[in-house]
Amino acid sequence: TFGTGSTTPLVLVDGIERSMDLVDADDIATFSILKDATATAVYGVRGANGIILITAKRGMEGTPKINVKAEFGMTQPTKLPKMANTRQWLDFYDELCRDSPTGEQGFSDYERQMYLSGRDPDLYPNVDWVNTIFKDLAMTGRVHASVTGGSPTIRYYVSASYYTEGGMFNVADNDRYNAQMNFNKYSFRSNIDIDITKSTQLGLSLAAPPVLCLLGAGWLARRFSLGPWVYFAAIVLGLGAAACTFAEFVKMFRRKNGKK
């Protein structure tokens, strides 16, 4: 490494520098790591911290193949502190007061009874904050869908994935603000290869969501209180429609120029 700058390796996806967070594991065809000076010399100073080469999957000739993969799981805290209950806290506080050189008074019998009985939770609260704030577990889910196929002249690979990880906080339902610390990730990819002539091939690789599709899905989700899965379905349909439209355009272009 040089200086005090970034120490992260250079990540190239299909020859383009980008973050690994934008690549879904199911979209990877090959994964290589270059560390020696000879292999990284061609990339100059940017390859000083190593290079990660990722090649995404591409379409293959054949009938369309649809793959759908769904995974669901649960997460929970590794360990939570065991807190003292109300009775233990009252006993500890009274013991500290008795040993205090200032002669501070502890809780009276009436106050102890009010804390323990819970008859006045506003003035004498008795709350287990760990169980109140945290859930016992949270759900996680991941869905990946892809369509691949093509003809001898046009091959395509279209995929979309959605990953969600629920938060561990017990939060109140509030339409204006969500205090939950959850995580949602969307990944999208469309790779199309077209043989324009016997010696010329056109490759189109997209790894960004269609903006209009996202905006429309977001409006539907907010308007009808639908879940985030609407985004996933809308992106799959949008990418599939875009790929089919582009393929039909190329077919029309080839027919117009007298090519089959």
Side-chain angles (χ1 to χ4, degrees), residues 8 19-28 67-96 107 111-146 159-189 207-209 211 213-239:
T8 58
S19 172
M20 289 185 62
D21 295 335
L22 301 178
V23 183
D24 192 275
D26 288 316
D27 292 334
I28 297 177
N67 295 312
V68 179
K69 181 179 180 181
E71 300 175 350
F72 300 94
M74 296 180 293
T75 59
Q76 63 181 128
T78 304
K79 186 176 181 180
L80 289 175
K82 186 176 181 180
M83 311 298 290
N85 57 35
T86 304
R87 186 181 296 277
Q88 291 172 331
W89 184 81
L90 293 172
D91 293 339
F92 293 155
Y93 186 82
D94 288 341
E95 184 176 352
L96 290 175
F107 292 100
E111 290 176 322
R112 291 178 61 91
Q113 184 61 31
M114 292 299 292
Y115 274 117
L116 296 175
S117 65
R119 286 183 290 181
D120 192 346
D122 294 327
L123 293 179
Y124 303 94
N126 183 357
V127 181
D128 186 343
W129 286 111
V130 173
N131 290 332
T132 301
I133 295 176
F134 295 101
K135 299 178 181 178
D136 293 332
L137 53 89
M139 299 297 297
T140 63
R142 177 176 176 270
V143 177
H144 179 272
S146 64
S159 71
S161 66
Y162 170 64
Y163 174 78
T164 178
E165 184 172 327
M168 294 301 302
F169 291 139
N170 279 316
V171 297
D173 293 334
N174 191 333
D175 295 335
R176 298 181 60 187
Y177 176 74
N178 184 10
Q180 187 63 269
M181 297 181 62
N182 52 6
F183 176 75
N184 294 293
K185 176 186 175 183
Y186 306 89
S187 298
F188 320 97
R189 181 165 294 276
V211 177
C213 191
L214 277 176
L215 293 177
W219 180 84
L220 288 174
R222 293 192 300 270
R223 177 64 178 81
F224 299 103
S225 300
L226 301 176
W229 300 99
V230 175
Y231 284 91
F232 178 78
I235 292 303
V236 172
L237 295 176
L239 288 177

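Contact check for R142 versus K69: side-chain heavy atoms found under the 4.5 Å cut-off. Within the 4.5 Å cutoff, the side chain of L116 has heavy atoms near those of the L90 side chain. Within the 4.5 Å cutoff, side-chain heavy atoms of R189 are placed close to those of V23. A 4.5 Å side-chain heavy-atom check between K185 and S187 finds at least one atom pair inside the cut-off. With a 4.5 Å cut-off on side-chain heavy atoms, D91 and R112 count as touching. Counting heavy atoms from C-beta outward, F183 and T140 have side chains that stay 4.5 Å or more apart.
When all heavy atoms of P77 and M168 are compared, the pair lying nearest together is CD-CE, 3.1 Å. Listed here is the closest heavy atom pair of S159 and H144: CB-NE2, 3.8 Å. For the residue pair P125 and D122, the shortest heavy atom distance occurs at CD-O, 4.1 Å. The two atoms that bring Y115 and T86 nearest to each other are CB-CG2, 4.1 Å, heavy atoms only. Among all heavy-atom pairs drawn from P81 and V130, the shortest one is O-CG2, 4.4 Å.
The backbone N or O of A160 sits nowhere less than 3.5 Å from a side-chain atom of D24 that would complete a donor-acceptor pair. Judged by distance alone, the side chain of N182 and the main-chain N or O of E165 form no donor-acceptor pair under 3.5 Å.
Shown here is M83, whose CE atom has no more than 12 heavy atoms of other residues, nucleotides or ligands within 6.0 Å. Shown here is D94, whose CG atom has more than 12 heavy atoms of other residues, nucleotides or ligands within 6.0 Å.
Here CD1 of I133 is found 9.0 Å from CG of N170. Values are rounded to the nearest 0.5 Å.
The aromatic rings of F134 and F169 are tilted relative to each other, their planes meeting at an angle between 30° and 60°.
Each of W89, F92, Y124 was checked for a ring-ring contact (aromatic ring centres under 6.0 Å, His included) with F107, and the lone residue meeting it is W89.
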